[in-house]
Structures are given as structure tokens and as C-alpha cells.
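Structure first, commentary second.
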Amino acid sequence: MVVASQQYFSTRSSDKAISFEEAIMTGLAPDGGLYIPTAIPTLPEDFLTKWANLSFQELAFEILSLYISRQEIPADNLKEIIEKSYSTFRSKDITPTTTLNKDINLHLLELFHGPTYAFKDVALQFVGNLFDFFLTRRNEGKAPTDPSRETITVVGATSGDTGSAAIYGLRNKKNVSVFILFPTGRVSPIQEAQMTSVLDPNIHTISVKGTFDDCQDLVKQVFGDKAFNDKYHVGAVNSINWARILAQITYYFHSFFTLARKIEGGAQALADKINYIVPTGNFGDILAGFYAKQMGLPINKLTVATNSNDILHRFLQSGVYSKSASAEAGPVVHATLSPAMDILVSSNFERYLWYAARTTTDSNEEAGQLVNQWMTDLKATGKFSVSEKVLATARLQFSSERASDEETTATIKKVYTEISPKYILDPHTSVAVFGALNVIEKTDAADHHHVALSTAHPAKFADAVDLALEGQEGYNFENDVLPQEFKELPGREKKNLFADKPDLELIKSIIVDELKKEN
Ligand SMILES: *Cc1c(COP(=O)(O)O)cnc(C)c1O
């Protein structure tokens, strides 16, 4: 029997279940927790055969239907939202799985064929269309000047990838205005040009004289300003939003079936012999893999691949989740060659922790209390420890690998010269491939397949790629890596606002002025 789960509760209290729409539009739960489905849905018994030849969009429809009730989004509307979301992708497969090396069964799940050339597009294109759908419906029949019209003002900070993916997901959406703050001179020229060349009237970028942390602080202050919030309905699209996780589940199924079609024996032969290695920062990408596995997709193991910001790797070794690698080091974020994974703590790990907690408690309530305790400890002391049983559960689901910057560049080079001649990895993907090579090294099972998730196009991270490949015979960044679209970016018309200091009142006044101009 198929079990669908279409209501949501917080990881910190499970007494109040809310609808999908509410979970998406609220983002963070009032108790500080994250929304999770009240139960993980299961798959049709014959899904391995029934879904074997579905397109990405068809798979998305089947999977999303298990998590969203038809009363909330009728089937035809859901299909439309999915079609629209993935019509912006350059690959007809949306997320193609390619083989890097047949001898070692090493594959890449390419997630960078969306409008901003990064994996966040897969989720944010969908989130933008969901917002549009819900707000349009809430405003049905209201005149343009009706004060009861619902709108949201999305405010976010970015050091690169998230900002551009959010902008491309929300451009031209009705009832949504977007303000993305970035530190002046500290995002790569390509990423800045991607953001500032979007001229839609509802999109605003603010270059803030300060650091990324200043920008993030400002966003937190804007969220914390109740009066401002009540008036302008500030919303977030960061990876705590459940819709982002949900949209990402599809590509695990899609890559499983893509590979199954390629190998002898098909899906039955691949079952329980497929490993996914995921370059991880906030734990959103790999969490979608966890949901796929719990739903019943026969994944053998999920591997967390981190850069030197390795809180998850250390946790899986020790059972201690600590902001600091050592007492002397203190809580520091290291600037690495894979900046989208430079984090101190992983915001979505709380969702996984709830499931781990549930295995050692008798009820949902108790699991929520345990998560609450851990998060309170983390806030107060910078760390928390879990029991042996919780750690054992986590280790059953996940293994982990960690790559230094040297290992990241060495792996880009190794793939280019040996493993898959001329294939160029971006540094985030390289962290995953480094992890995958370690996993392969450690296993005796020659019939296992290893899929590293490829989260960005190499052109977005030119410095790291150049560092790795400079001097290689025949290598030329302009010719081999840079897409035509990026070559045209510098010449395109731009718009951008400036804040000459990281000051809350200044940012608020810029937002208010721009909102007035929009209307
Ligand atoms: C965001 C991002 C990641 C990390 O994904 P999480 O869901 O935060 O773990 C990895 N690579 C790239 C290129 C990204 O933009």
C-alpha cells in the first residue's frame, strides 16, 4: 500500500501539524525548528518497473504527489508547475547521469544544467513557481490596489551561488519582490554579473560595503524586525525551506533509473549496489537522498563529502557535533576552494537528527524534545553529543570523507588527465569525486556503482580550475570551460544598488524605496 504524507510538523515539537502550503510559506517553524513530513511516504510496490522509463518531469510528479495533497495542488496545476520549473534547463534529461570511468563504475550526476549553472536551480526554479502559484491563488479576485493582497519580500545574503539561483527562480514572479545582499568586491565577477544582469523590476541586488557575515547579520536583523516584517512579509528561500529538499529527491530516482537502463540486469541488478557521494555544506542536497532511501529507493550508502569545514565528518567519527575542531582552534569557517560548502554548522542536519532521535525514543514528542535539547546545547556551548545508539544509526545511513584544497585540485587534475580524459570538474564536485575514489578504494564489491553529485559548472569557479589545470597540454579555460553565455555577461546591461555601510536602517530604507517604485 502506498502511504502518502501530506502534513508537516516541526523538528522540535510534533503536536501541531500544518499543511504543505503553510510549511512552504512559513519557512522556519515558530519554535525555531524545521518542518518535516509527519511520516515518510512509501512507494508503490512495483515502482522499480513502473517508474523505470519515466522522464524527470514524470518522476517529479509521482514523487511530489506523495508529499502534497491534491486538495492543496490539483494534479493539473502540479504538472504545470513542474513543466514550467524545468523548461529553463539546457539538458533534455534535466539532470543527466554520465559515466566518468567504466572500469571503476564511477558516475557523475550533473546538476548544473539550470539557468545559473549550479545545483540550487533544481530546487529554486520549483520554489519560485510554488510561491507564484500560492500567492496568485490567495489574491484571486482582489483588485491590484486591494490592501489585503498578499505579497512577500524575499531578503537574502549570498557569497555567490544561492543568490543567483534565487534571483533566477523568482524573476518575473507576481507578488514576490527579491532583495539579495552581497559583499562588495567579494563575489566572483561571473556570479556578480549573473545577479546584476537580471533586469526584471521585482529583482534587486544590493552590494554592501562589508563582509559576507555583515550581509548575513543584516538579513537576520531584517527578519528580527517585527514591525518591518509585519508590514512587508519578509520571506526566505534558504535551504531550510522544505520545498527545496522535496524538489531534490527527484534526481536521486532519476539517476538510479538512468543507470539501471545502462547496466545489464537493470534496476533489479542495481538495487542495493548504488552509492551516492554528495558534496555537502548545509546538508540539503544529501538529505534529499536520505528521504529517497527511506521512501524505498534501494540506495546502499550515502557519503557526506566535506571540505576542511568538516563538522559533519567529525560528527560521524565521534558522535560530537561541535563548531570547533579543537578547543584551541575555536569556531572558525575556513575559506576554501569550494566556497559554497564553507559553513560552520549544517542547517538541515537538524532534520536528519530528528529521524536519528526517533530511533531511540518512544514517540514523536520525545524525539522533538531530544532535538530541542541538542539545539539548546549547541547554542549555549557550541556543541552537543549523541548517544552510542544515535551515532550507530547515523553511521548505518551515512559515511563521510573530507578533502583539503590540495586534494581538491589534485582530483580535478587526476580526472582530467587519467580517470576521464578532458573532463573538467568544478571544485565542489571534485570534493565529491575525491570522496568517491576513497569509497571505491575501501570496498571489495566490484559490482557496486558510485555516483558523485556534480553541483556546479566549472566556469563558475575559474580560479580553482585554473589552479588545478594550468600548464596541462591543450588546456584552455576560454575554449574548454567557459560557456558562450558567460562570455556575453560582462557586456550585458546591469542594475545594482549600493549600501556604503552595513547598516540596518540604510538597508530597510533601500528596500522600502524600491518597493514603492515597483508599485
Ligand atoms: C550549495 C552548494 C553545495 C552544498 O549543498 P548543501 O545542500 O548546502 O549541502 C555544494 N556545491 C555547490 C556548488 C553549492 O552551490
Side-chain angles (χ1 to χ4, degrees), residues 34 95 108-125 127 156-169 182 187-188 190-191 194-195 212 236-249 251-252 276-292 302-313 315 333 336-352 398 400-403 408 412 424-435 452-465:
L34 308 184
T95 58
L108 269 192
L109 169 47
E110 294 182 345
L111 301 174
F112 55 76
H113 297 284
T116 76
Y117 293 76
F119 105 95
K120 292 189 173 65
D121 288 327
V122 180
L124 282 163
Q125 287 289 308
V127 169
T158 191
S159 55
D161 265 1
T162 310
S164 40
I167 286 172
Y168 278 77
F182 67 87
V187 302
S188 80
I190 282 191
Q191 290 185 322
Q194 266 187 323
M195 293 191 279
F212 172 61
V237 289
N238 51 15
S239 72
I240 56 152
N241 196 304
W242 167 252
R244 285 188 55 179
I245 310 298
L246 180 55
Q248 292 166 183
I249 297 174
Y251 52 68
Y252 285 90
Y276 286 94
I277 303 93
V278 189
T280 297
N282 275 323
F283 205 77
D285 198 358
I286 195 165
L287 183 71
F290 168 75
Y291 279 102
L302 293 158
T303 300
V304 174
T306 75
N307 62 24
S308 53
N309 296 288
D310 59 354
I311 183 167
L312 291 164
H313 182 58
F315 172 78
V333 181
T336 72
L337 293 175
S338 42
M341 291 149 61
D342 290 350
I343 47 90
L344 195 58
V345 296
S346 295
S347 48
N348 273 295
F349 195 53
E350 178 167 345
R351 284 194 164 104
Y352 173 68
F398 300 101
S400 67
E401 299 289 341
R402 171 195 194 275
T408 305
I412 294 175
I424 299 174
L425 303 175
D426 104 285
H428 304 79
T429 309
S430 181
V431 168
V433 170
F434 175 79
L453 273 60
S454 177
T455 48
H457 189 285
K460 294 198 84 168
F461 299 94
D463 291 352
V465 173

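Start at 1 and go down the list; that is how both ligands and their atoms are numbered. Reckoned from all heavy atoms, side chains included, excluding hydrogens, waters and symmetry mates.
For Asn309 and Asp342, the side-chain atoms include at least one donor-acceptor pair closer than 3.5 Å. A donor atom on one side chain and an acceptor atom on the other are not found under 3.5 Å apart for Asp285 and Tyr276.
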Every pair of nitrogen or oxygen atoms between ligand 1 and the protein that is under 3.5 angstrom apart - can you list them with their distances to 0.1 Å?
{"residue": "ligand 1", "atom": "7 (O)", "partner": "Gly284", "partner atom": "N", "Å": "3.0"}
{"residue": "ligand 1", "atom": "7 (O)", "partner": "Asp285", "partner atom": "N", "Å": "2.9"}
{"residue": "ligand 1", "atom": "8 (O)", "partner": "Asn282", "partner atom": "N", "Å": "2.8"}
{"residue": "ligand 1", "atom": "9 (O)", "partner": "Gly281", "partner atom": "N", "Å": "2.8"}
{"residue": "ligand 1", "atom": "9 (O)", "partner": "Asn282", "partner atom": "N", "Å": "3.2"}
{"residue": "ligand 1", "atom": "9 (O)", "partner": "Phe283", "partner atom": "N", "Å": "3.0"}
{"residue": "ligand 1", "atom": "11 (N)", "partner": "Thr455", "partner atom": "OG1", "Å": "2.8"}
{"residue": "ligand 1", "atom": "15 (O)", "partner": "Lys120", "partner atom": "NZ", "Å": "2.5"}
{"residue": "ligand 1", "atom": "15 (O)", "partner": "Asp161", "partner atom": "OD2", "Å": "2.7"}

**OP:** List the steps, then state whether side-chain contact (heavy atoms from CB on, under 4.5 Å) holds for Leu124 with Arg244.
**Re:** CA-CA 7 Å; Leu124 282 163; Arg244 285 188 55 179; 4.0 Å; yes
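Residue Ile245 comes nearest to Arg351 through the heavy atom pair CG1-NH1, 3.8 Å, listed as atom of the first residue, atom of the second, then distance. Heavy atoms only, all atoms of each residue included: Ile277 and Ala305 are closest at CG2-CB, 4.2 Å.
Using a 30° and 60° split on the angle between ring planes, Tyr352 and Phe283 fall in the tilted class, from 30° to 60°.
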